[in-house]
Chemist: 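Quick one: structure below, then a few questions.
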Protein chains: 2
Amino acid sequence: MKKYLFIYEDMKNRILNGEFKSGEQLPFEKELCVEYETSKMTIKKAFDLLVEDGLIIKKRGVGTFIKDIDMKEIEKLIFAKQFMGLTTSNPEKKVTSKVLHFDIIKATPLIEKQLNIAPESFVYDIHRIRYADDQPIVVEKTYMPIDLVPGLTEKHLEKSLYQYIENELECKIQSSHRKITVRKADDDETEYLDLEKGDPVAVAEQVAYFDNGKAFEFSFSVHRYDHFSAQLIITK
Amino acid sequence: MKKYLFIYEDMKNRILNGEFKSGEQLPFEKELCVEYETSKMTIKKAFDLLVEDGLIIKKRGVGTFIKDIDMKEIEKLIFAKQFMGLTTSNPEKKVTSKVLHFDIIKATPLIEKQLNIAPESFVYDIHRIRYADDQPIVVEKTYMPIDLVPGLTEKHLEKSLYQYIENELECKIQSSHRKITVRKADDDETEYLDLEKGDPVAVAEQVAYFDNGKAFEFSFSVHRYDHFSAQLIITK
DNA sequence: AAGTGGTCTAGACCACATT
DNA sequence: ATGTGGTCTAGACCACTTC
């Protein structure tokens, strides 16, 4: 285990368990160097992660303090941060999929641009409805270059696409770029998501990247408005 | 100027100016140590910022590469990242506000909880419509403890709240926690935002913090659905 | 003046990928 | 075996706040 991650996890637990309370001052970095038998840089690295989580505040020339916030809220945020796929946003529910179609097509100009591939390359064209506890939550359109995700079958789509990619293909997903917008559901979406005409939907447009920098997925996820929320912490 | 920030800005410009192209390999960290006359840690720190921006990809044991993406898209994202207030999401438009009401009330239990203040503390209760080029874009309800933001008047609200806080009060905003949801507009919102009955809105619920860790603002921003988008880069 | 966190160094060793 | 980026150190100096 990396030292700075150990210190990060340890301090996080100490804070969440109430050893340090809201608004309280933490021991100085120098003291913690002794306690954890490490150097200043390593403590700093661990603490910077806690700042990103929104747990603590650092003030140069003064010290480090627990953020003045309800710890239960923070726990939720930290939990939510760990996941990338939309599958996982309802962790305790049973997630299933229904494949509407699964074809190979030539990339349209938009798909070409988003995936940065040659004109008219072949891509998977996937259209799925995803259910949580048998209730429709999201309709997804996904496009992926066939050569980056070989061997894909309808069976994989009924479970988790990301699981196939990470476990069976052993590809590493490094990042994704997401844009969230809002509009009215079209007729198909209204039917698939069991909505009323004119009901709102949240649309997440996403391009996801492997750790070699290649874009492997371009997707639109159309969410039922009553089952969508996105949380983010913005740090200056 | 801090060295790692200089290197970060310099490399960013070199990339955006096309000195290095999509998918291309960057010089090794070791080489750049010589070029910038610095140590490995400093180069690493600068490069980590570029990774966060979604500009480059690092592969241990291999090297560092420009992300396979359209640079114009990236430029937009980097630009968008710099702002916190919702005022600034339409940078080139004329932003104005109409104050619907501006009172001081006792905090409700929800406000107490979000701002982490004593029961029945006094808070500003602000309700504004914000316009971009005279078109209504967002209705905002804002609650702020009166003692954290003293001297606020209706004039400040017609311009930018954040500007008053940062420039006149000289308080530093460190972070904000945001949650985005979607629903149908209620009757008031329909009127204020010039919508049709049942039209969707995007709601951003936000708690913002000063650099001393205190929550100074709890707000709901209700956006017209056709003028809302949120962009984010998620990194593993 | 004293003490905090922030930056930076020069170099050691580790984990990982390629040859 | 070689070379990459990742972690870690021990200590220097800087920027900032408080006394």
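In the text below, chain A, chain B and the rest are named by the order of the sequence lines, each starting its count at 1. Small disclaimer: the values here were computed from a predicted structure and weren't measured.
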Chemist: Whole angstroms only, please: what is the CD1-C1' distance between I43(B) and dG5(D)?
Modeler: 13 Å
Chemist: Look at all strands and tell whether K44(B) reaches a base, only sugar-phosphate, or nothing, counting heavy atoms closer than 4.0 Å.
Modeler: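 Base contact - K44(B) has a heavy atom under 4.0 Å of at least one base atom.
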Chemist: Do the non-hydrogen side-chain atoms of L55(A) and L49(A) ever get within less than 4.5 Å of each other?
Modeler: no
Chemist: F122(B): what forms a ring pair (Phe, Tyr, Trp, His ring centres under 6.0 Å) with it, not counting sequence neighbours?
Modeler: none
Chemist: Check the distance between dG3(D)'s C1' and K40(B)'s NZ and give it to me in whole angstrom.
Modeler: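 So the NZ-C1' distance, K40(B) to dG3(D), works out to 11 Å.
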Chemist: Write out a two-atom table: protein N or O, nucleotide N or O from nucleotides 15-17 of chain D, distance below 3.5 Å.
Modeler:
{"unit_1": "dA15(D)", "atom_1": "O4'", "unit_2": "R60(A)", "atom_2": "NH1", "d": "2.9"}

Chemist: With a 4.0 angstrom cut-off to heavy atoms of chain B, pull out the first and last contacting nucleotide of DNA chain C, in 5'-to-3' order.
Modeler: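 The contact span of chain B on DNA chain C goes from dT7(C) to dA17(C).
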Chemist: Taking side-chain hydrogen bond (donor to acceptor under 3.5 Å, both in side chains) as the test, write out the residues that go with D48(B), two or more places apart.
Modeler: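 side-chain hydrogen bond (donor to acceptor under 3.5 Å, both in side chains) check on D48(B) returns K44(B), K58(B).
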Chemist: Could you go step by step and tell me if Y36(A) and E31(A) meet the side-chain hydrogen bond (donor to acceptor under 3.5 Å, both in side chains) rule?
Modeler: CA-CA 9 Å; Y36(A) 285 105; E31(A) 298 175 45; over 6 Å; no
Chemist: Establish, for the pair K141(B) and F220(B), whether the NZ or CZ atom is under 6.0 angstrom from the six-membered ring centre and no further than 45 degrees off its axis.
Modeler: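 Geometry flag: not set, cation outside 6.0 Å or 45°.
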Chemist: Rounded to the nearest angstrom, tell me the gap between atom CG in D48(B) and atom P in dG5(D).
Modeler: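 Rounded to whole Å, this separation is 12 Å.
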Chemist: Where do A107(B) and E112(B) come nearest, in terms of heavy atoms and distance?
Modeler: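 Between these two residues, the closest heavy atoms are O-OE2, 3.7 Å.
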Chemist: Need to verify one output field. Residue with the more 5' nearest nucleotide on DNA chain D, E37(A) or P27(B)?
Modeler: P27(B)
Chemist: Holding to side-chain hydrogen bond (donor to acceptor under 3.5 Å, both in side chains), I want the full list of residues that pass it with R60(B), two or more places apart in sequence or in another chain.
Modeler: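 Not a single residue meets the side-chain hydrogen bond (donor to acceptor under 3.5 Å, both in side chains) criterion with R60(B).
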Chemist: Apply the ring-ring contact (aromatic ring centres under 6.0 Å, His included) test between Y124(B) and each candidate in F216(B), Y143(B), F102(B); give the one that qualifies.
Modeler: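 With Y124(B) as partner, F216(B), Y143(B), F102(B) yield a single ring-ring contact (aromatic ring centres under 6.0 Å, His included), made by F102(B).
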Chemist: Measure the distance from CD on E29(B) to C1' on dG3(D) and round it to the nearest whole Å.
Modeler: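 After rounding, the gap between these two atoms is 12 Å.
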Chemist: Who passes ring pair (Phe, Tyr, Trp, His ring centres under 6.0 Å) against F20(B), sequence neighbours left out?
Modeler: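 None.
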Chemist: Give the rounded distance in Å between these two atoms: NZ of K3(B) and P of dC14(D).
Modeler: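 Answer to the nearest Å: 13 Å.
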Chemist: So what does Y4(B) hit on the nucleic acid, given a heavy-atom distance under 4.0 Å: a base, only sugar-phosphate, or nothing?
Modeler: sugar-phosphate
